[in-house]
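Just below is one structure, and these are the notes that go with it.
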Amino acid sequence: MTTEKVNDLEIVPLLSYFDPKKFRLIPADAQMFSGGISEVPVHINLHADFGKQLDFDTRNLQKLYGFGIICKEMIVVNQGVYYSPKRGGKLRLVELNDCGELWIMKFDFYDATSKLYAVKPNVVKELLNEARKPAFLDYTVL
């Protein structure tokens, strides 16, 4: 996506969509399983430079996986013009994509439609740093 198109997106407050205390990172192989009944899967695509800014070791991964609790703001998006009566309008996946000065938050729906917003990188950093992480993996930076 070009810089002009990214800059044309509405910038939304990411923490209105995801509460860091209710957001959890998961191992890559766990993303094949569904989360809780009120959770939506989240894929985070980041550049290595951004990973170095985090309080935990991403092991140079360029993709992280997680689950977030569906909140009121997501329900509003789900019931807007992107609502699909045929497929129930259900949110299938949220992607957070590192585009440098801004991140793109993409809502993917089961009917193959999507909705894009922009979010600020410092808030993505806050979300990831405060997220719950699997206890059996050492994500701490030494």
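Basis for what follows: all heavy atoms, side chains included, without hydrogens, waters or symmetry-related copies.
Note that CG of L64 and NE2 of H43 are 11.0 Å apart. Values are rounded to the nearest 0.5 Å. Put simply, NZ on K63 and CD1 on I44 are 9.5 Å apart, with the number rounded to the nearest 0.5 Å. Rounded to the nearest 0.5 angstrom, D98 CG and W103 CH2 are separated by 4.5 Å.
For the pair K115 and F109, the cation does not sit on the ring face, since its NZ or CZ is not both under 6.0 Å from the ring centre and inside 45° of the axis.
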Exercise. Walk me through it: do L25 and R132 pass the test side-chain contact (heavy atoms from CB on, under 4.5 Å)?
Key: CA-CA 6 Å; L25 294 176; R132 293 180 292 157; over 6 Å; no
Quiz item: Given V42 and L93, is the side-chain contact (heavy atoms from CB on, under 4.5 Å) satisfied, shown in steps?
Solution: CA-CA 6 Å; V42 181; L93 171 72; 5.9 Å; no
Quiz prompt | Intermediate values then yes/no, side-chain contact (heavy atoms from CB on, under 4.5 Å), L91 and Y110 | solution = CA-CA 6 Å; L91 186 58; Y110 279 110; over 6 Å; no
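Note on residues 11-23: no pairs pass salt bridge (Lys or Arg N to Asp or Glu O under 4.0 Å), not counting sequence neighbours. Pairs of residues two or more places apart, or lying in two chains, that qualify as salt bridge (Lys or Arg N to Asp or Glu O under 4.0 Å) and include a residue from residues 101-110 are R92-D108, K106-D108. Within the structure, the salt bridge (Lys or Arg N to Asp or Glu O under 4.0 Å) test picks out the following pairs touching residues 38-51 (sequence neighbours left out): R24-E39, D49-K52.
Taking all atoms of both residues into account, the shortest heavy-atom contact from P121 to G100 is CG-O, 3.7 Å. Residues C99 and I104 share a closest heavy-atom pair of SG-CD1, 3.7 Å.
With sequence neighbours excluded, the residues forming a ring-ring contact (aromatic ring centres under 6.0 Å, His included) with F107 are Y17, Y117, listed by chain and number. When the side chain to side chain contact (heavy atoms under 4.5 Å, CB included) test is applied to S16, the partners found at least two apart in sequence or on another chain are P13, E73. Residues passing the side chain to side chain contact (heavy atoms under 4.5 Å, CB included) test with I11, sequence neighbours excluded: L102, A118, K120. Residues that satisfy the side chain to side chain donor-acceptor pair (under 3.5 Å) test with N97, not counting sequence neighbours, are N45, E95. Every residue two or more places apart in sequence or in another chain was checked for a ring-ring contact (aromatic ring centres under 6.0 Å, His included) with H47, and none qualifies. In this structure, K72 has no side chain to side chain contact (heavy atoms under 4.5 Å, CB included) partners at least two apart in sequence or on a different chain. Here K125 pairs with F50, Q53, L54, N129 under the side chain to side chain contact (heavy atoms under 4.5 Å, CB included) rule; sequence neighbours left out. Here F67 pairs with nothing under the ring-ring contact (aromatic ring centres under 6.0 Å, His included) rule; sequence neighbours left out.
None of L127, I69, I70 except one satisfies the side chain to side chain contact (heavy atoms under 4.5 Å, CB included) rule with F18; the exception is L127.
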